[in-house]
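Right, one structure below, let's go through it.
Quantities reported herein were computed from a predicted structural model and do not represent experimental measurements.
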Amino acid sequence: MNEPNQNEPAGLHKEAAPTSEELWNEDTYAAWTSRFGTPVEAAEKLLRDPAGKLYPLNTYLGEVKGRRIMNLMGSNGMKAVALGLLG
């Protein structure tokens, strides 16, 4: 269970420094909150105007209520949630 990680330098303990995954997640979260605000703020904005998050795609999608649409990659889920809110 405490096997050494081949991706970390010898002698580096998990407690001594954050892992690459921890750093990646921290930076990603900071960038996300910088762009969208807190999760609560982002949810409120999305609920107010879900179609706005689909611009400029909404001109191509047309009415989405009742349609089956796959998640758009790279959208942080914002477009998928907007589509879900629209039906």
Side-chain angles (χ1 to χ4, degrees):
M1 187 160 151
N2 287 330
E3 297 176 16
N5 185 340
Q6 300 299 323
N7 296 324
E8 293 179 1
L12 184 64
H13 298 287
K14 185 172 183 143
E15 300 83 30
T19 65
S20 295
E21 180 181 5
E22 290 168 334
L23 290 173
W24 172 264
N25 288 339
E26 181 180 314
D27 289 346
T28 302
Y29 183 78
W32 193 93
T33 55
S34 174
R35 180 175 180 187
F36 300 112
T38 67
V40 170
E41 292 168 340
E44 289 170 349
K45 290 176 193 173
L46 191 56
L47 284 169
R48 276 194 304 268
D49 184 23
K53 284 293 178 197
L54 298 174
Y55 181 83
L57 299 174
N58 49 4
T59 58
Y60 301 103
L61 295 172
E63 177 64 42
V64 297
K65 188 171 181 115
R67 293 176 64 190
R68 296 172 65 181
I69 302 173
M70 67 184 219
N71 184 28
L72 306 166
M73 298 301 294
S75 68
N76 297 318
M78 297 294 277
K79 288 181 176 45
V81 173
L83 287 165
L85 288 170
L86 292 171

Checklist entry - Once the angle between the rings of Trp32 and Phe36 is folded into 0 to 90°, is it parallel (under 30°), tilted (30 to 60°) or perpendicular (over 60°)? => result tilted
Notebook entry, point to check: Hey, does the side chain of Ser34 reach the backbone of Ala30 with a donor-acceptor pair shorter than 3.5 angstrom?
Noted result: no
Would you give me the side-chain donor-acceptor pairs under 3.5 Å for residues 47-64, sequence neighbours excluded?
unit_1: Asp49; atom_1: OD1; unit_2: Gly52; atom_2: N; d: 3.2
unit_1: Asn58; atom_1: ND2; unit_2: Ala51; atom_2: O; d: 3.2
unit_1: Thr59; atom_1: OG1; unit_2: Pro56; atom_2: O; d: 2.9
unit_1: Glu63; atom_1: OE2; unit_2: Lys65; atom_2: N; d: 3.2

dist Leu83:CG -> Met70:CE (nearest 0.5 Å) comes out at 11.5 Å
